[in-house]
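Worth knowing before you read on, the calculation uses all heavy atoms, side chains too, and leaves out hydrogens, waters and symmetry mates. What you see is a predicted model, and the numbers here were worked out from it, not measured in a lab.
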Amino acid sequence: MTASKKTSLVRVKFLGCGDAFGSGGRFNTCFLVDRGESSFLIDCGASAMISIRHFGVDPNCISAILLSHLHADHFGGLPSFILDAQLVSRRTHPLLVAGPKGLNARFLALMEAHFPGSTNVERKFPVELIEIEPDVAARISTELQVKGFAVVHPSGTPSLALRIECEGKTIAYTGDTEWVDTLLAAGRNADLLIAEAYTYERKVRFHLNYAALREKLPLMNPKRVVLTHMSLDMLGHVPDLPGCEAATDGLEIVLD
Ligand SMILES: [Zn+2]
Ligand SMILES: [Zn+2]
């Protein structure tokens, strides 16, 4: 028997795994990673606060939000999250938001578009924005690190796949993108790969299809693959997806 290093269980809960258009009645992208003392979100799509309430998550337990790219279905939930923190959840501790270069300007524009004047209000908690440079690991906290990889998906600022290291586990997320070889490094040997599968085999520009992903999976060798961001076409093929699982809103995965 070997002495075991103290690690916490890492739970990943899919609060939202839909595409931008509500296909299948699913919430926009929002994954909760619960690692014991504090949790973080991967993406915060426009419906994030609805799914946070729906699944009974305490928003004050979320210390950080990591963003793959700045489309509404991936970051449009931020204004409601921040106003809730201020007015309803009465947050007093910092919120850290990490996302692609250009996040600062897009964040201000988003807040003002949703709630004019909201950027001038003094808050009881700081919002710290971190802009992630591709291929450079950004340390979010002692036990949380994220690295971005450039992908092919126009969103006004660079779009990223994310490779997240926390509590000794690796979670990789493709974000939205057509196949690009940077995904190999993003997902290699990950404990969990969350991959876009927008369509089954039909090629849609700037989005990933299941057939293209399947072909590359042996090169990535992730331990577990969960598919997300599925259109109606793709949802019609669930659950018959060898080697992969399909996400549902509310799906919880424990990495131990
Ligand atoms: Zn999307
Ligand atoms: Zn997108």
Q.
Return the CG to NE2 distance between L160 and H153, rounded to the nearest 0.5 Å.
A. 11.5 Å

Q. What pair of heavy atoms forms the shortest contact from L110 to F75, and how long is it?
A. CD2-O, 3.5 Å

(Q) For the CD1 atom of I65 and the CG atom of L96, what is their distance to the nearest 0.5 Å? (A) 9.5 Å

Q: Could you tell me which non-hydrogen atom of I62 sits nearest to which non-hydrogen atom of L95, and how far apart they are?
A: O-CD1, 4.0 Å

Q. What ring pair (Phe, Tyr, Trp, His ring centres under 6.0 Å) pairs are there with at least one residue in residues 232-251, not counting sequence neighbours?
A. Y200-H237

**Q.** Same apolar cluster: V151 and V225, side chain cutoff 4.5 Å
**A.** yes

(Q) Tell me the closest heavy-atom pair linking P116 and A113, and the distance in Å. (A) CD-O, 4.5 Å

Q. Is it true that the side chains of D176 and H74 contain a donor and an acceptor less than 3.5 Å apart?
A. yes

(Q) Measuring only between side-chain heavy atoms, which start at C-beta, is T182 closer than 4.5 Å to T177? (A) no

Q: Tell me yes or no: between the side chains of N60 and S89, is some donor less than 3.5 Å from an acceptor?
A: no

Q.
Checking side-chain polar atoms at under 3.5 Å, does E112 have a donor or acceptor matched by the opposite partner on T119?
A. yes

Q) Under a 4.5 Å cut-off applied to non-hydrogen side-chain atoms, are H207 and H229 in contact? A) yes

(Q) By the definition salt bridge (Lys or Arg N to Asp or Glu O under 4.0 Å), identify the one residue from R123, R91, R53 that meets it with D84. (A) R53

Q. When hydrophobic residues are tied together by side-chain contacts of less than 4.5 Å, even through go-betweens, does L103 share a cluster with L41?
A. yes

Q | Within-4.5 Å side-chain heavy-atom neighbours: C244 and Y210 | A | yes

Q: Could you pull out all residues at least two apart from E131 that satisfy salt bridge (charged side-chain N to carboxylate O under 4.0 Å, His left out)?
A: none

Q) Should we count CZ of F115 as having more than 12 external heavy atoms under 6.0 Å? A) yes

